[in-house]
There are 2 protein chains.
Amino acid sequence: MAGDEKSSAFGDQAGSVELLWGGRERPSRGPKPALSLERITRTAIGLADTGGLGAVSMQRVAAELDFTKMSLYRYVPGKAELVALMIDTAMGEPPEPAGAAAGDWRGALRDWAQRLAAVFAQHPWLLSALVGPRVMGPNELGWTERALAALAGTGLTGGEQLDAVLVVSGHVRAIAQVSASMGVGGAPAKEPEAALSAALNELLVGRSERFPALSAALAGAAGGETREQAWEFGLERILDGLEAYAGRG
Amino acid sequence: MAGDEKSSAFGDQAGSVELLWGGRERPSRGPKPALSLERITRTAIGLADTGGLGAVSMQRVAAELDFTKMSLYRYVPGKAELVALMIDTAMGEPPEPAGAAAGDWRGALRDWAQRLAAVFAQHPWLLSALVGPRVMGPNELGWTERALAALAGTGLTGGEQLDAVLVVSGHVRAIAQVSASMGVGGAPAKEPEAALSAALNELLVGRSERFPALSAALAGAAGGETREQAWEFGLERILDGLEAYAGRG
DNA sequence: CAACAACTGTATCCGCCGGACACAGATCTG
DNA sequence: CAGATCTGTGTCCGGCGGATACAGTTGTTG
């Protein structure tokens with residue numbers, strides 16, 4: 001334990017924490033930087049939006065900016081930190097709460113979930129970027145803050161509020177994942193549920209006796225599926241459950 | 001459209017479909033294979049269990065088996081297909097339904113979710129492996145089958161049953177993700193919720209005025225959080241919502 | 001049995017990846 | 001101006017997934 005290293009729960013992620021949260025001031029000597037974190041991050045996001053996270057390499061980002069890849073390392077300690085920046089930038093400023101002031105927490109939370117789903121739809125690579133140990137950035141934390149604010153008047157305890165946000169955001173990701181599973185590369189399918197059904201049906205050809213419940217469910221869902229149904233059904237069930245609990249307590 | 005290529009919704013994933021679903025028979029001529037899909041897959045899973053998905057490379061899998069990496073390509077078309085096999089093998093045979101015969105769909109679904117969560121806890125890399133376009137294997141489909149079977153008597157339509165399973169499995173993944181976010185490499189933290197609270201608290205030091213609802217929620221959750229609370233709270237809310245809907249319809 | 005076809009495992013090679021390191025030129029401070 | 005400092009670059013490395021060509025082994029067929 002030598003030196004003045006700040007003791008922290010973020011082991012080898014100190015770089016990300018500093019980059020995401022710390023405003024590092026420009027040094028006074030030396031040439032002015034020709035690039036900026038902002039430009040680099042935006043460029044990387046652009047690549048990921050069109051070609052998925054796999055299309056983001058230091059080489060490609062640098063080439064897009066007409067620089068050498070090594071020049072990027074003057075701004076970012078490594079690729080992991082760049083991805084962390086991409087995440088927080090792509091999440092963007094959390095939206096203004098809708099209906100929270102009116103005490104309509106259910107509407108506010110539904111609205112929050114929809115806006116979050118829109119973010120995932122716009123940046124499908126976010127799903128894969130979010131897995132694994134990471135540091136939350138200010139925007140990501142801001143999203144959580146907004147959802148918690150909506151739940152403030154429900155009578156739920158602090159822990160329950162956190163848990164509720166986790167369930168809702170879990171549903172958002174689950175739906176986004178289904179969409180992403182059906183698409184190719186960075187572009188999700190337009191009608192995730194229909195595509196999912198089609199893929200399932202294809203797998204089930206000649207195997208219906210092995211998966212009877214699945215076959216029955218798919219047969220029953222035959223034509224009437226809207227692409228929005230899974231989203232709405234799940235979200236409303238979750239909100240129902242939360243409302244019942246809040247009303248009961 | 002030349003040749004006898006089977007028209008299918010699985011574009012470049014035909015290899016995975018064949019590997020996961022098709023029983024390819026041994027050719028009669030040539031030397032007997034010294035390896036097996038089974039051995040290769042198990043070895044890869046072992047590497048992933050201890051070092052995460054990033055620790056799985058063709059080189060390392062082959063080295064573990066004392067073979068050259070190129071020999072693996074005699075069994076598997078590419079790494080993507082190997083990962084698909086790892087997923088379906090790690091999922092394992094879906095569990096026997098518990099309480100389904102007794103008509104206790106809620107208990108059966110809760111049991112199903114718990115067993116699924118156990119799988120994710122044992123193979124944390126599954127989370128990252130499941131994102132993106134993929135083909136479902138027989139075991140994965142079997143898990144879905146079991147959940148649907150539990151919901152058969154609820155009166156939900158086929159589509160609603162599928163949606164319900166999606167919500168529950170989404171929650172399972174959400175909880176698994178929180179655990180994985182806190183751990184290092186392949187090993188998740190033992191007390192995910194406590195670690196999450198700690199990390200959040202650390203980020204919030206000196207920033208509580210910027211995230212008031214979050215600070216309040218964390219303060220309210222201070223000591224009393226059990227590591228199982230987020231899991232149970234979310235799952236029971238979802239089941240409540242489903243039960244209310246089923247009872248109403 | 002001999003010849004051949006089919007199959008397995010290997011060795012070599014390629015392009016791409018993230019990143020360490022040393023260095024030249026630009027810039028500010030004294 | 002002299003020295004310190006910072007930026008962008010060129011070079012190099014190990015590791016990755018994978019294509020290809022080839023030698024050795026095996027079953028089939030005349």
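By convention in this document, chain letters (A, B, ...) are assigned in the order of the sequence lines, proteins followed by strands, and residues within each chain are numbered from 1. All values below were derived from every heavy atom in this structure, side-chain atoms included, with hydrogens, water molecules and symmetry-related copies excluded.
The residue A:Tyr73 sits close to a base: some heavy atom pair falls under 4.0 Å. If you check every strand for non-hydrogen atoms under 4.0 Å, A:Val56 touches sugar and phosphate atoms only. Among the heavy atoms of the strands, none lies under 4.0 Å from A:Arg26.
Sequence order on DNA chain D of the closest nucleotides to B:Met58 and B:Arg29 puts B:Met58 first from the 5' end. The 5' end of DNA chain C is approached more closely, in terms of each residue's nearest nucleotide, by B:Thr68 than by the other of B:Thr68 and A:Arg74. With DNA chain D read from its 5' end, the first of the two nearest nucleotides for B:Pro77 and B:Pro31 is the one closest to B:Pro77.
In this structure, B:Ser169 contributes its side chain and B:Leu166 its backbone to a donor-acceptor pair below 3.5 Å. At least one donor-acceptor pair under 3.5 Å links the side chain of B:Gln177 to the backbone N or O of A:Leu130. At distances below 3.5 Å, at least one donor-acceptor pair connects side-chain atoms of B:Arg146 with backbone N or O atoms of B:Pro95. Between the A:Arg134 side chain and the A:Ala84 main chain, no donor and acceptor come within less than 3.5 Å of each other. A donor-acceptor pair is defined here as one N or O able to donate and one able to accept, closer than 3.5 Å; no such pair exists between the side chain of B:Trp125 and the backbone of B:Gly54.
Contact check on A:Arg42 versus A:Glu38 returns a salt bridge, with a Lys/Arg side-chain nitrogen under 4.0 Å from an Asp/Glu carboxylate oxygen. Using a 4.0 Å cut-off between a side-chain N of Lys or Arg and a carboxylate O of Asp or Glu, B:Glu145 and A:Arg207 do not qualify as a salt bridge.
Phosphate contact (OP1/OP2 of C:dG9, side-chain N/O of B:Tyr75, threshold under 4.0 Å): present. An OP1 or OP2 oxygen of C:dG9 is reached within less than 4.0 angstrom by no side-chain nitrogen or oxygen of B:Ser71.
The stretch residues 35-43 of chain B comes close to DNA chain C through B:Leu35, each having a heavy atom under 4.0 Å from the strand.
A perpendicular orientation is assigned to the rings of B:Phe211 and A:Trp21, their planes being inclined by more than 60° (bins at 30° and 60°).
Expressed to the nearest 0.5 Å, how far CD1 of B:Ile40 lies from OG of B:Ser71 amounts to 7.0 Å.
From the 5' end on, the contacts that DNA chain D makes with chain B at under 4.0 Å to a non-hydrogen atom open and close at D:dC16 to D:dT28.
Across the protein-nucleic acid pair, A:Gln59 atom CD and C:dG15 atom P stand 13 Å apart, rounded to whole Å.
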